[in-house]
Amino acid sequence: QAQFVESGGGSVQAGQSLKLSCSASDFIFNAYAIAWFRQAPGKEREAVSCISSDGGKPLYADSVKGRFTTSTNDAKHTAYLQMDNLEPEDTALYYCAAKGYPVCSLSAAPYKSWGQGTQVTVSS
């Protein structure tokens, strides 16, 4: 189970951008699926995006499609979530998660490696 460390969160105004990073020092980016999830207080954890090494297109939740972009830098063992045109509804604790089966899933259950989360707060 890899150790993930998220960074890049912060407090911004609506319309601004943030880029989250997810570093996994013990995780070799070979066969993988890496997803971003978020959870707001009082709400269930929800999937945001997923990217995998199978060569398929990344998956995005409808609520963020066109605004968020996920990517990886395998050499740096790091995944990213570029968040543009942020909205107050995006306010949540954002987690990255990984699994070894290189097919994307937007369900949390298959993911066994999780970070601590980084807070994103968007004000109007």
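For this chain, numbers begin at 1 and follow the sequence in order. Bear in mind the structure is a predicted one, so any value in this text is a computation, not a measurement.
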Can you tell me how far CE of Met83 sits from CG of Leu18, rounded to the nearest 0.5 angstrom? 4.5 Å
Between Tyr101 (side chain) and Pro110 (backbone), is there a donor-acceptor pair under 3.5 Å? no
Taking Ser49 for its side chain and Thr70 for its backbone only, find out whether a donor-acceptor pair lies under 3.5 Å. no
Are Trp36 and Leu86 connected in a single hydrophobic cluster, I mean Ile/Leu/Val/Met/Phe/Trp/Tyr linked by side-chain heavy atoms less than 4.5 Å apart? yes
CD/Gln82 to OG/Ser21 distance, rounded to the nearest 0.5 angstrom? 9.5 Å
Linking Ile, Leu, Val, Met, Phe, Trp and Tyr by side-chain heavy atoms under 4.5 Å, what else ends up with Val5? none
Here the gap from Ile34 atom CD1 to Cys50 atom SG, rounded to the nearest 0.5 Å, amounts to 8.5 Å
Once rounded to the nearest 0.5 Å, what's the spacing between atom CD of Gln116 and atom CD of Glu6? 7.5 Å
Could you point out which residue of Asp90, Val120, Leu81 forms a side-chain contact (heavy atoms from CB on, under 4.5 Å) with Arg38? Asp90
Quick one: pull up NZ in Lys19 and OG in Ser7 and give me the separation to the nearest 0.5 Å. 10.5 Å
Give me the one residue out of Phe37, Phe4, Tyr94 that meets ring-ring contact (aromatic ring centres under 6.0 Å, His included) with Trp114. Phe37
Is the Lys NZ or Arg CZ of Lys99 less than 6.0 Å from the centre of Tyr32's six-membered ring, within 45° of the axis? no
More than 12 heavy atoms of other residues, nucleotides or ligands under 6.0 Å from CD of Gln16: yes or no? yes
Determine whether the side chains of Asn73 and Thr78 contain a donor N or O and an acceptor N or O closer than 3.5 Å. no
